[in-house]
Amino acid sequence: AALNRGCSFSTLQRLADRDWRMLASLGGFLGGSALWYLLPLMKAEPVKSELASHSTPWLVPLMGVLVVWAVVESSRLWRRRTKLKRLQHNQSFSPAATAVILGLGGGILYLGFGHWTYSNSLQATAGALVGERLLPSVLQLVLLPALLSGMLLSAWRRGSWRSRKPIRGWGRNLIGGIFMGLGGALIPGGNDTLLLRLIPSMTPHSLWSYLMLIVGVACGLMLARRLGLMPCETVGCESNTTPESL
């Protein structure tokens, strides 16, 4: 993800912001997922995405707290709905409100479509291309352009669609996407699957996997900075905006 300059979520977000290098990332993700099925060393079974036991004593009170928090945040959003219609910038949404929207949307989609996240769909598509899996359902495949359409709408509202991003350096995104595809096959799923399904369902390996993802990204960024490979791609960087002001 550090090599690619984006995780599963931000890869699509940057693509919606007209960073066309992310197309190489998605192609690399497909390729990395296909490698999982093709290479002899990759024949080990991936970790099973088993749900936590419902007999866990602390699970019910924890879910109760989360439900109450989600209701409070949802009601707060509802009370501000008139003001939100006039907003043009996503900075007006608090992280908590955004998390509620993502969580509720993701949960509803899982109830209706199962493993709907686009990283899962790409992995299943890669497996079908090499004859190891069945293609995902048409509805699951339709959810990817639907997700990207929402991000395009957000990019247009934020004004980021008008700014062109450089297209050089796409090889780095391709390689990063390949590693992301391999890692997603091992977990299984990208960080979108971790956040929207595996962690909420208390899958035993999910928190450990997410912690290792964060450690890996941090190590990758520190290495890139030490080697002088950190690009000047932050919004406002071209106008001599200092990192401290960002």
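In what follows, every heavy atom counts, from backbone to side chain, and hydrogens, waters and symmetry copies are set aside.
The shortest side-chain heavy-atom distance between Thr203 and His205 falls under the 4.5 Å cut-off. Residues Gln13 and Asp17 meet the side-chain proximity criterion, which asks for heavy atoms closer than 4.5 Å. Between Cys219 and Val215, the closest side-chain pair of non-hydrogen atoms falls below 4.5 Å. In this structure the side chain of Leu139 never reaches within 4.5 angstrom of the side chain of Leu143, judged on heavy atoms. Within the 4.5 Å cutoff, no side-chain heavy atoms of Leu129 are placed close to those of Tyr37. Between Leu26 and Leu15 the shortest side-chain heavy-atom distance falls below 4.5 Å. Between Trp20 and Arg18 the shortest side-chain heavy-atom distance falls below 4.5 Å. Under the 4.5 Å side-chain criterion, counting only non-hydrogen atoms from C-beta, Leu144 is in contact with Leu12.
When all heavy atoms of Leu194 and Ser206 are compared, the pair lying nearest together is CD2-O, 3.7 Å. Nearest heavy atom pair, residue Cys7 against residue Ala1, reads CA-CB, 4.2 Å. Taking both residues in full, the closest heavy atoms of Leu174 and Gly27 are given as CD1-C, 4.5 Å, listed atom of the first, atom of the second, then distance. Annotation for Gly190 and Ser119: closest pair N-OG, 3.1 Å, computed over non-hydrogen atoms. The two residues Gly106 and Trp116 have their closest heavy-atom pair at O-NE1, 3.3 Å.
Applying side-chain contact (heavy atoms from CB on, under 4.5 Å) to Leu35 and the options Val130, Leu182, Leu30 leaves one that passes, Leu182.
For Gln140 (side chain) and Ser121 (main-chain N/O), no donor-acceptor pair under 3.5 Å exists by modelled atom type. Counting only distance, with no hydrogens or angles, the side chain of Gln123 and the backbone of Gly184 share a donor-acceptor pair below 3.5 Å.
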For this session: I would like to know whether Leu198 and Tyr210 meet side-chain contact (heavy atoms from CB on, under 4.5 Å); could you show each step before the answer?
Result: CA-CA 10 Å; Leu198 299 184; Tyr210 196 69; over 6 Å; no
For this session: Please test Thr125 against Leu141 for side-chain contact (heavy atoms from CB on, under 4.5 Å), starting from the C-alpha separation and ending with a verdict.
Result: CA-CA 9 Å; Thr125 302; Leu141 291 176; 3.9 Å; yes
Problem set entry | Verdict with reasoning, Thr193 to Ile187, per side-chain contact (heavy atoms from CB on, under 4.5 Å) | CA-CA 9 Å; Thr193 305; Ile187 286 177; over 6 Å; no
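Of the N and O atoms on the side chains of Arg5 and Asn173, at least one donor lies less than 3.5 Å from an acceptor on the other residue. Judged purely by distance below 3.5 Å, without hydrogens or angles, the side chains of Ser25 and Thr11 never pair a donor atom with an acceptor atom.
Using cut-offs of 30° and 60° on the angle between ring planes, the pair Tyr118 and Phe29 is tilted.
Interatomic distance, CG of Leu23 versus CZ of Arg14, reported as 12.5 Å (0.5 Å rounding). To the nearest 0.5 Å, atoms CG (Leu147) and CE (Met151) are separated by 4.5 Å. Interatomic distance, Ile175 CD1 to Asn4 CG, rounded to the nearest 0.5 Å: 11.0 Å. One distance of note links CG of Asp19 with CE of Met22; it measures 4.5 Å at 0.5 Å rounding.
Grouping the Ile, Leu, Val, Met, Phe, Trp and Tyr side chains by contacts below 4.5 angstrom, directly or via other members, places Leu196 with Ile214. A continuous path of Ile, Leu, Val, Met, Phe, Trp and Tyr side chains, each step under 4.5 Å between heavy atoms, connects Phe9 with Leu221, placing both in one hydrophobic cluster. Ile178 and Leu3 fall into different hydrophobic clusters, where Ile, Leu, Val, Met, Phe, Trp and Tyr are joined by side-chain heavy atoms under 4.5 Å apart, directly or via other members.
Annotation for Phe179: atom CZ does not count as buried by contact number, only 12 or fewer foreign heavy atoms lying within 6.0 Å.
Residues passing the side chain to side chain donor-acceptor pair (under 3.5 Å) test with Ser8 are Asn191, sequence neighbours excluded.
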